[in-house]
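Read the structure below first, then the notes.
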Amino acid sequence: MTRAAIISDRRITGLSAAVIAELVAEVAPLWHERHQARLASRSRARAVGAGAKHRLVFVDRLLATLVHLRHGVTHDVLACWTGVDRSTATRAIGEVRPLLSERGCTVSPDMRLRTLAEVVDHLGQAGKTGIIDGTEIRVRRPAVGHKDRDRFISGKNKQNAVKAVVFTDGDGRLLFCSPTKPGSCADITHARELGLVKLLAEGPAVEILADAGYQGLGAQTGGRVVTPPHRKFKKNAPDWHEEIHDRQRKAHSSRRIRVEHGIAHLKNWRALARHLGRREHMNDTAQAIAGLLSQQQTADRILAWQT
């Protein structure tokens, strides 16, 4: 398959040709800069630039990384497709993926959100509601004898996994994907370790919708984190109370469901459906995909406005 065919078919990379062109224009200079810095950082028998030239140009490196993230294609298959050695494909993905993860989530052509503090400030300035939820990504089981091997076992799914916290706005647009934690970490603990409580308590007045896994943050943030209502009656509840309780929970769920849609879009990328690579690469993988997806969402919205 030719390079032009891959770029023109959104099903292959998950991105439109316009977004891929933006990525090339933005990321290529960063890659070349870091590549030259690596060459100049060690002693050499030959001058920088001497020797064999790259057989894999940056555009092909980027496309190989996108296809790998989107479809979970192995490095061997990518090497056959690009006509290079497997180690070259592995090195290309290892160099491009961190560059993609550092870009943050795009909310407009001139604004990107890279930290949770920037997300809270953005929601406060825009007067929008934020939605938070945790998602689990299955990973390979740590080897026997690995330190803290049981930490990756999720109490929810009873599988080896890592967790990430995802933030969207009220429309389901991705705003933030956190670094991952082992699967045994509770959602509320992860949020606290990210500093969410301090940001909401000291920052702008922002409404954050969350599920029952975050109950307790509301009291710590002055009611800015809104979770489903508690049951006042543990047993023998009156019918009228059950009816009101169900109505309130459904109303909350109908507003919070947007974050589930955002997570579903993330899981459409095979690398986040089940990660078969190294667990330490999950931070870059999750944040890179969130940044790519948010940029495509922004581009689609701009195109809809123009038409």
Side-chain angles (χ1 to χ4, degrees), residues 1-42 44 46-75 77-115 174 177 269-272 277 281 283-300 302-303:
M1 184 176 291
T2 64
R3 182 190 304 163
I6 295 173
I7 295 176
S8 62
D9 193 341
R10 184 166 169 175
R11 295 174 300 175
I12 299 178
T13 61
L15 304 174
S16 65
V19 171
I20 294 177
E22 294 175 3
L23 289 174
V24 172
E26 177 186 354
V27 181
L30 298 177
W31 178 82
H32 285 291
E33 180 181 347
R34 294 193 181 184
H35 178 68
Q36 293 299 321
R38 282 194 299 268
L39 294 178
S41 64
R42 60 180 185 265
R44 301 176 57 87
R46 293 180 296 184
V48 175
K53 305 304 179 184
H54 285 303
R55 293 182 57 190
L56 196 62
V57 297
F58 176 77
V59 176
D60 290 336
R61 292 170 181 265
L62 175 63
L63 293 178
T65 304
L66 295 177
V67 173
H68 171 70
L69 295 176
R70 178 67 174 175
H71 299 287
V73 178
T74 64
H75 297 183
V77 174
L78 293 173
C80 293
W81 164 51
T82 53
V84 297
D85 188 77
R86 181 188 183 279
S87 62
T88 302
T90 300
R91 184 166 57 252
I93 294 173
E95 292 173 353
V96 175
R97 184 180 53 218
L99 295 176
L100 297 177
S101 69
E102 295 169 3
R103 300 170 62 251
C105 290
T106 304
V107 294
S108 66
D110 58 348
M111 178 182 293
R112 286 198 182 133
L113 307 177
R114 294 178 174 84
T115 64
L174 284 166
C177 182
W269 292 65
R270 184 65 63 180
L272 294 185
H281 292 165
N283 283 340
D284 287 344
T285 299
Q287 292 172 344
I289 293 175
L292 295 170
L293 185 54
S294 67
Q295 185 170 356
Q296 185 61 61
Q297 289 176 336
T298 301
D300 290 341
I302 293 175
L303 182 61

Can you tell me how far [atom2] of [Y] sits from [atom1] of [X], rounded to the nearest 0.5 angstrom?
| X | Y | atom1 | atom2 | answer |
| --- | --- | --- | --- | --- |
| Leu69 | Ile289 | CG | CD1 | 5.0 Å |
| Ile20 | Gln295 | CD1 | CD | 10.5 Å |
| Ser16 | Asp300 | OG | CG | 6.5 Å |
| Gln36 | Arg38 | CD | CZ | 9.5 Å |
| Leu174 | Leu292 | CG | CG | 11.0 Å |
| Cys80 | Leu78 | SG | CG | 9.0 Å |

Would you check if the side chain of Arg61 reaches a backbone N or O of Leu56 as a donor-acceptor pair within less than 3.5 Å?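 A pair under 3.5 Å: yes.
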Using modelled atom types only, decide if a donor and an acceptor are shared between the side chain of Glu95 and the backbone of Trp31 within a distance under 3.5 Å.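 Such a contact is absent between Glu95 side chain and Trp31 backbone.
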What I'd like to find out is whether the side chain of [X] reaches to under 4.5 Å of the side chain of [Y], using heavy atoms alone.
| X | Y | answer |
| --- | --- | --- |
| Val19 | Thr298 | no |
| Asp60 | Arg3 | yes |
| Pro109 | Ile302 | yes |
| Leu100 | Thr65 | yes |
| Val27 | Leu62 | no |
| Val73 | Trp81 | no |
| Thr74 | Val77 | yes |

Shortest non-hydrogen contact between [X] and [Y], atoms and distance:
| X | Y | result |
| --- | --- | --- |
| Leu272 | Ala286 | CD2-CA, 3.9 Å |
| Ser294 | Cys105 | OG-CA, 3.2 Å |
| His71 | Ile12 | NE2-O, 2.8 Å |
| Trp269 | Thr13 | CH2-O, 3.3 Å |

Please say which of His281, Gln287, Glu102 ends up in a side chain to side chain contact (heavy atoms under 4.5 Å, CB included) with Arg97.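 Going through His281, Gln287, Glu102 one by one, the side chain to side chain contact (heavy atoms under 4.5 Å, CB included) with Arg97 is satisfied by His281 alone.
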Ring pair (Phe, Tyr, Trp, His ring centres under 6.0 Å) with His75: which residues, sequence neighbours excluded?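 His75 satisfies ring pair (Phe, Tyr, Trp, His ring centres under 6.0 Å) with His68 once adjacent residues are dropped.
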Decide side-chain contact (heavy atoms from CB on, under 4.5 Å) for Leu15 and Leu23; before the verdict, give the C-alpha distance in whole Å, the side-chain angles of both, and the deciding distance to 0.1 Å. CA-CA 10 Å; Leu15 304 174; Leu23 289 174; 3.7 Å; yes
Using the side chain to side chain donor-acceptor pair (under 3.5 Å) definition, which of the options Glu22, Arg112, Gln297 pairs with Thr106?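 Between Thr106 and the candidates, side chain to side chain donor-acceptor pair (under 3.5 Å) is satisfied uniquely by Arg112.
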Any salt bridge linking Arg103 with Glu26? Criterion: basic side-chain nitrogen under 4.0 Å from a carboxylate oxygen.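 A salt bridge is present here (some side-chain N lies under 4.0 Å from a carboxylate O).
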